[in-house]
Amino acid sequence: METKELEVNKTLPFDPYLFTVNISLRQIEEIAMTVSQRCHVSGVNEVAWALRALMLTDLTTLAGDDTAANVRRLCLRACYPFEPQFFDKFFDRALISEMHTAAVCVYPARVKDAYQTLLQYDKLDKVAIAAVATGFPTGQYGLQTRLQEISHAILAGATEIDIVINRQLALVGDWEGVYNEVVLMRSACGQQAHLKTILAIGELGTMENVYKAAMACMLAGADFIKTSTGKETVNATLPVGLVMIFAIQEFKRRTCQIVGLKPAGGVRTVRDAIAWMTLVNETLGPRWLQPERFRFGASGLLDDIERVVREGVARMEAEEALKNQVVPAEVAAAEGFCKELKKKQKEAK
């Protein structure tokens with residue numbers, strides 16, 4: 001299997017000074033609430049935001065009954081979420097090749113199925129293969145077993161690895177221990193795969209712990225920090241996202257290294273996605289709204305994206321049909337007016 005070297009983040013020395021933080025939960029929640037109130041869009045804008053969300057999505061299946069067949073169906077939806085002729089009237093057909101998800105995300109055992117399907121559709125260069133690893137979702141495995149799982153997924157064709165951090169170390173405040181494990185995971189990925197580190201924010205207890213876990217992972221060389229496995233009671237929320245963004249901003253200021261963000265779990269609708277994209281746009285900036293820096297981890301989001309886009313295009317078609325009906329009506333009115341004038345001219349004679 002052909003592999004190519006990727007541009008990945010470097011491991012930096014552990015710096016305890018980066019872990020000093022004091023977070024006001026109330027202030028974080030107020031900022032998140034304010035942002036969420038500014039994210040309502042409609043009409044053509046909603047369709048545009050939905051399509052942007054599509055191209056930022058890691059389409060995911062992480063079920064115990066996953067088979068080769070449903071992974072193939074997942075890849076088909078990831079590559080071709082809409083039929084080509086659907087966009088002909090309102091979009092440039094040349095853009096249709098860009099209408100796909102950023103990645104598919106599966107268990108390591110299903111990576112080979114995803115690879116073969118994307119190879120068949122000639123989409124390996126466009127749709128990445130992400131694999132959850134290191135004992136997902138609990139991480140309750142021996143370290144060597146977790147590292148071997150990363151290697152297995154990469155050999156099968158994965159180009160992105162979503163690892164779970166050791167929450168036991170995080171909960172006792174052993175941030176250097178978290179850092180050391182992620183360093184080994186970064187090394188296991190090498191330059192063959194990007195590393196996304198799942199913080200499992202619903203199990204970290206405090207916002208300070210979320211910030212410190214993010215910092216430990218970024219120092220260790222993470223390319224993305226990710227909110228959740230999707231299996232916790234609390235998953236991706238805007239306040240947690242804001243804390244992770246603050247960590248990304250501070251890390252970039254101190255090291256000049258860029259780290260991406262991936263909310264996962266709980267992002268089910270286009271409105272949810274727009275709220276997150278608005279948050280990222282207003283804090284990190286519009287350059288972050290691209291697959292190299294921002295992703296959604298989701299299984300049901302594509303269903304709502306498809307609904308919003310299809311309903312939006314149907315409205316545009318109805319509006320265009322209405323405009324076309326106005327012209328014949330105006331012509332008929334003008335002809336009637338001319339007939340009336342001619343009739344009056346005859347009567348005058």
Side-chain angles (χ1 to χ4, degrees), residues 9 11-12 14 18-19 21 23 25 28 32 58 60 62 105 130-141 143 146 150 160-186 189 194-252 257-267 276 279-280 283-284 288 293-298:
N9 280 346
T11 295
L12 302 176
F14 185 79
L18 289 176
F19 293 80
V21 64
I23 296 172
L25 180 58
I28 289 290
D58 288 0
T60 304
L62 298 171
C105 184
V132 295
T134 65
F136 180 93
T138 64
Q140 296 277 16
Y141 290 84
L143 180 58
R146 285 181 278 153
I150 292 173
E160 298 179 357
I161 301 294
D162 291 31
I163 63 102
V164 288
I165 68 165
N166 189 325
R167 274 93 89 191
Q168 293 76 37
L169 295 176
L171 289 170
V172 298
D174 186 359
W175 301 114
E176 191 166 4
V178 174
Y179 164 85
N180 288 334
E181 285 201 353
V182 178
V183 166
L184 294 174
M185 294 168 187
R186 166 77 278 167
C189 289
H194 289 118
L195 177 66
K196 305 198 204 85
T197 53
I198 306 171
L199 307 186
I201 54 89
E203 296 178 352
L204 291 182
T206 68
M207 289 294 190
E208 284 82 4
N209 280 350
V210 171
Y211 183 96
K212 292 174 183 179
M215 197 61 72
C217 292
M218 291 188 292
L219 283 169
D223 298 295
F224 276 77
I225 51 175
K226 177 178 171 181
T227 60
S228 321
T229 66
K231 310 294 185 181
E232 296 89 52
T233 305
V234 178
N235 293 290
T237 67
L238 292 182
V240 164
L242 192 56
V243 171
M244 293 171 68
I245 286 169
F246 288 159
I248 288 171
Q249 290 174 320
E250 180 63 11
F251 185 74
K252 182 176 181 293
Q257 193 153 279
I258 293 172
V259 179
L261 176 67
K262 180 178 174 179
V267 184
W276 275 97
L279 180 68
V280 169
T283 52
L284 295 170
W288 241 266
R293 298 185 181 183
F294 184 70
R295 301 283 184 85
F296 293 111

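The figures that follow rest on heavy atoms only: side chains count, while hydrogens, waters and symmetry mates do not. Nothing here was measured: the structure is a model prediction, and the numbers come from that model.
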Going by heavy atoms in the side chains, are [X] and [Y] under 4.5 Å from each other?
X: Trp288; Y: Ile258; result: yes
X: Phe246; Y: Val21; result: no
X: Leu195; Y: Val182; result: yes
X: Trp276; Y: Leu238; result: yes
X: Leu284; Y: Gln249; result: yes
X: Gln168; Y: Val172; result: no

Quick check against the 3.5 Å criterion: does [X] have a side-chain atom that pairs as donor or acceptor with the backbone of [Y]?
X: Asn235; Y: Gly202; answer: no
X: Glu250; Y: Leu18; answer: no
X: Asp223; Y: Lys196; answer: no
X: Thr227; Y: Ala264; answer: yes

[X] side, atom [atom1]; [Y] side, atom [atom2] - distance, nearest 0.5 Å:
X: Leu242; Y: Leu279; atom1: CG; atom2: CG; answer: 5.5 Å
X: Ile161; Y: Thr197; atom1: CD1; atom2: OG1; answer: 13.0 Å
X: Leu143; Y: Asn166; atom1: CG; atom2: CG; answer: 9.0 Å
X: Leu62; Y: Cys105; atom1: CG; atom2: SG; answer: 5.0 Å
X: Leu171; Y: Leu169; atom1: CG; atom2: CG; answer: 9.0 Å
X: Leu261; Y: Thr283; atom1: CG; atom2: OG1; answer: 8.5 Å

Smallest separation among heavy atoms of [X] and [Y], with atom names:
X: Ser228; Y: Ala236; result: OG-N, 3.5 Å
X: Thr11; Y: Arg186; result: OG1-CG, 3.5 Å
X: Leu199; Y: Met244; result: CD1-CE, 3.9 Å
X: Gly260; Y: Ile248; result: O-CD1, 4.0 Å

I'd like a table of donor-acceptor pairs (distance under 3.5 Å, sequence neighbours excluded) in which one partner is a side-chain atom from residues 204-222, with atom names and distances.
unit_1: Thr206; atom_1: OG1; unit_2: Asn209; atom_2: N; d: 3.0
unit_1: Glu208; atom_1: OE2; unit_2: Ile23; atom_2: N; d: 3.2
unit_1: Asn209; atom_1: ND2; unit_2: Leu204; atom_2: O; d: 2.7

Decide, yes or no, whether a salt bridge links Arg295 with Glu160 under the criterion of side-chain N to carboxylate O below 4.0 Å. yes
Picking from Phe251, Phe14, Tyr179, what satisfies ring-ring contact (aromatic ring centres under 6.0 Å, His included) with Phe19? Phe14
Excluding sequence neighbours, so at least two apart, what forms side-chain contact (heavy atoms from CB on, under 4.5 Å) with Thr229? Phe136, Pro137, Val164, Ile198, Lys231, Glu232
